[in-house]
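Data first, discussion second: the structure below is written as structure tokens.
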Number of protein chains: 2
Amino acid sequence: MNRTASIKDVANQAGVAVGTVSNVLNYPDRVSQRTKERVLKAIDDLGFVRNDAARQLRAGHSRTIGLIVLDVGNPFFTSLVRAAEDAAALQGSAVLLGDSGHNESRESNYIDLFQEQRVQGLLISPVGDVTARLNVLRERGVPTVLVDRLADDAMFSSVSVDDDEGGYLAARHLLDIGRRRLAFVGGPLSIHQVADRLRGAQRAVKEEADATLEVLDSEGQSVLAGRCIGNRLVERPAKNLPDGIFCANDLLALGVMQSLTMMHTLRIPEDIALIGYDDIDFSVSAVVPLSSIRQPTEAIGRTAIELLTEELESQQVRHRAVVFTPELVVRQSTAGSEAGVKASL
Amino acid sequence: MNRTASIKDVANQAGVAVGTVSNVLNYPDRVSQRTKERVLKAIDDLGFVRNDAARQLRAGHSRTIGLIVLDVGNPFFTSLVRAAEDAAALQGSAVLLGDSGHNESRESNYIDLFQEQRVQGLLISPVGDVTARLNVLRERGVPTVLVDRLADDAMFSSVSVDDDEGGYLAARHLLDIGRRRLAFVGGPLSIHQVADRLRGAQRAVKEEADATLEVLDSEGQSVLAGRCIGNRLVERPAKNLPDGIFCANDLLALGVMQSLTMMHTLRIPEDIALIGYDDIDFSVSAVVPLSSIRQPTEAIGRTAIELLTEELESQQVRHRAVVFTPELVVRQSTAGSEAGVKASL
DNA sequence: ACGAACAGTTGAATCGTTTCATTGTTACGA
DNA sequence: TCGTAACAATGAAACGATTCAACTGTTCGT
């Protein structure tokens, strides 16, 4: 088992000093053509590969950015992660990905891990209250940008989407197509995004005197959780059913839809209109193409990296909070009764 | 900007030698209770966090496993990644994730990156022919396990699913419900998994004298690619249409389904039966719940880590090739005309 | 012919941890 | 009292890359 070659081995092989090899790698202009060629040949012959740990040790930090998301299984985050990775790659950094799964201790473990790895900076969609920890990190020169959450104090930059507005758009749309007995599916309400979307929905419902909003607390945000809620709904007598349902995300909505359509007695959207949130790819191809609230995931990921880079480059920046506005996407699951609203792609 | 504390600072603060601090961290039993307490107090006071780069440098390798997949946006891989991460975490390793996006140069970049990071081992679902590079890695003590691909020589361990058999199952099922003019959607055929699934389908079709199989080459494996193929299909005169379609994965199938159902003239499964591959979560809640071929993603991810661990622990193992068998899942998109086959969850 | 200016090259010091041979301390039986 | 375990703690030497002040030639102007 031959140990991998080090810069020293390359220097020997090429008959130069280690400093010269390092210069060939990092400042090629400082080295003469002849020497460069010999060194490069030696590198090739020995199959030398830089040891990143040694570089980092010397540099005091890695060229890595930590990213902690709530759920990689959720296409919203998958898409966000992709955009962040691409943006980071452009500026020469790699992304370390952590999936907290809405779990505070997993989240905390990832922060520990990333701290040990000496990441340059951190993007996080937080579960628990990590402000204190993040402050410590910042004091040590590791800036953080909050993702999919508005920074409440002026301590951090953040990239978020106006979830209150999104909730309003969704509920307002249900009201606009004539629904009055609305239900909100999502939970637990301790999840920031869920609470905001609900608040927005409540705001819309207050605008119509005869409208009501029932809250159905779900266990998480998965297709499965949605199916549970749906199964509970179909057992109700028809008159107790809502006529418009707003789900806190598309996975939940798809789950609810499965349950409702399994019984062939309920029709979507005639009996119950259904709208989700996130506009994931799969919503278009659902049993009934799902209306949804679209968030600009790529822009979020890209912007997050940009804000982080700003903080990395200038020592003393004012923190910025970028808030995107979500957008209503109407498809068949809420096709209005009054007009033949065409399904949109 | 106060530099983060090092083990040396901790040693000073606690009034002990650096070696002792290291022992507290790594071999608590070797240190007396009193000293341990003082050191731990110092660690806490200074907010000391181990520098992983330094550990790695000393150790000569990281506690990290590289994983390169073809497409993180594909739920098949998302699920596989999750299982691998969990299995790795159990044995104290972290997973570095790379998404090659079916692109050879991105794949190559990730191998470079992981090599610089001195990963312990590598799991890869390869795009190009990377055998040579992987051999070099192995000679340097970095074992590789191939994922979702059978190792053709005895040089590597591998975890795969019998794609030929899966293709056979899918096509055989279409034949069994009486379809004869079959079409296969997938591409490019240079993708190993696609080619194998097609071959299996062809094998099944040969068993029925009057059956034919048309191959529709798609640009990639996304929902969008499926929609393209679907749009081309609906323009054909009805008599030229296939009566059974097998798609190389569920994303494609969902795309095709979207196009076909957009025209309200074609019915699934009456006019065209449709089956996909992977059995992703979203297939259940498709317009018409999608029949599919299920692969044991969690088992694949877990097994890959296990095989890698085997190679890491014993120097000279015989390489193993684990092959899982896929499973047919029948839903409404291929509900047979002869019997009311009930949609399954 | 001398020194200045400059481009190339050198190699020791550094980063923070782990390892391990060595030293110091205590306890106990002979 | 001495010898010897057994146990704790020490601190110097790695690991591999980068940095930078110092050094060596070479060229050029006077």
Side-chain angles (χ1 to χ4, degrees), chain A residues 1-40 42-43 46-64 115-120 140-141, chain B residues 1-40 42-43 46-64 112-113 115-120 140-141:
Chain A
M1 186 86 57
N2 40 5
R3 200 176 40 77
T4 51
S6 76
I7 207 175
K8 210 166 180 173
D9 301 322
V10 174
N12 285 340
Q13 174 93 354
V16 298
V18 290
T20 303
V21 178
S22 175
N23 281 334
V24 170
L25 263 22
N26 301 297
Y27 308 93
D29 296 347
R30 293 188 190 163
V31 184
S32 72
Q33 191 59 33
R34 286 170 40 99
T35 321
K36 208 178 335 190
E37 278 165 13
R38 260 189 318 155
V39 171
L40 290 175
I43 287 179
L46 297 174
F48 164 79
V49 177
R50 267 169 150 110
N51 183 323
D52 198 58
R55 303 186 73 190
Q56 281 185 211
L57 175 57
R58 184 67 237 252
H61 63 87
S62 65
R63 289 161 306 126
T64 304
Q115 218 178 334
E116 289 192 10
Q117 308 265 12
R118 298 291 190 271
V119 294
Q120 294 177 282
R140 302 219 176 121
Chain B
M1 186 84 60
N2 39 6
R3 202 176 40 78
T4 50
S6 78
I7 208 174
K8 210 166 180 173
D9 301 322
V10 174
N12 285 340
Q13 173 94 354
V16 299
V18 289
T20 304
V21 178
S22 175
N23 281 333
V24 170
L25 263 21
N26 302 298
Y27 307 93
D29 296 345
R30 293 188 190 162
V31 184
S32 72
Q33 191 60 31
R34 287 169 37 100
T35 325
K36 206 177 336 188
E37 278 164 12
R38 260 188 318 156
V39 171
L40 290 175
I43 288 179
L46 297 173
F48 165 78
V49 177
R50 266 169 149 111
N51 183 323
D52 197 58
R55 302 186 75 186
Q56 281 185 212
L57 175 56
R58 182 66 236 247
H61 62 88
S62 66
R63 289 160 305 126
T64 304
D112 288 343
L113 182 65
Q115 218 178 334
E116 289 192 9
Q117 308 265 11
R118 298 292 191 272
V119 295
Q120 293 178 283
R140 302 221 176 121

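Sequence lines set the chain letters: A, B, ... in the order given, protein chains first and strands last, and positions in each chain run from 1.
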Phosphate OP1/OP2 of [N] contacted by [X] side-chain N/O (<4.0 Å):
{"X": "A:Tyr27", "N": "D:dT19", "result": "yes"}
{"X": "B:Asn51", "N": "C:dT17", "result": "no"}
{"X": "A:Arg34", "N": "C:dG8", "result": "no"}
{"X": "B:Ser32", "N": "D:dA9", "result": "yes"}

Heavy atoms under 4.0 Å, any strand shown: does [X] hit a base, just sugar-phosphate, or nothing?
{"X": "B:Arg55", "value": "sugar-phosphate"}
{"X": "B:Ser22", "value": "base"}
{"X": "B:Gly60", "value": "nothing"}
{"X": "A:Val31", "value": "sugar-phosphate"}
{"X": "B:Asp52", "value": "nothing"}

TODO: Please examine the side chains of B:Asp9 and B:Gln13, heavy atoms only from C-beta on, and report whether any two atoms are closer than 4.5 Å.
DONE: no

Task: Between CZ on residue B:Arg118 and CG on residue B:Leu57, distance to nearest 0.5 Å - done: 10.0 Å

TODO: To the nearest 0.5 Å, tell me how far A:Gln56 CD sits from B:Gln117 CD.
DONE: 6.5 Å

Open item on the list: Among A:Val31, A:Thr35, A:Ile7, which residue satisfies the side-chain contact (heavy atoms from CB on, under 4.5 Å) criterion with A:Val24?
Closed with: A:Val31

Of the nucleotides [options], which has the atom closest to the [X] side chain?
{"X": "A:Thr20", "options": "D:dT18, D:dG16, C:dT9", "result": "C:dT9"}
{"X": "B:Phe48", "options": "D:dA17, D:dC15, C:dT17", "result": "C:dT17"}
{"X": "B:Ala17", "options": "D:dT10, D:dA14, D:dT18", "result": "D:dT10"}
{"X": "B:Val16", "options": "D:dT10, D:dA17, D:dA8", "result": "D:dT10"}

- [ ] Round to the nearest Å and state the distance from A:Glu37 atom CD to C:dG8 atom P.
- [x] 14 Å

Open item on the list: Expressed as a whole number of angstroms, how long is the span from A:Asn26:CG to D:dA17:C1'?
Closed with: 9 Å

Open item on the list: So, under a plain 3.5 Å distance rule, would you say the side chain of B:Arg58 forms a donor-acceptor pair with the base of C:dT17?
Closed with: no

Task: Chi angles and distances behind the side chain to side chain contact (heavy atoms under 4.5 Å, CB included) call for A:Gln115, B:Thr4 - done: CA-CA 10 Å; A:Gln115 218 178 334; B:Thr4 50; over 6 Å; no

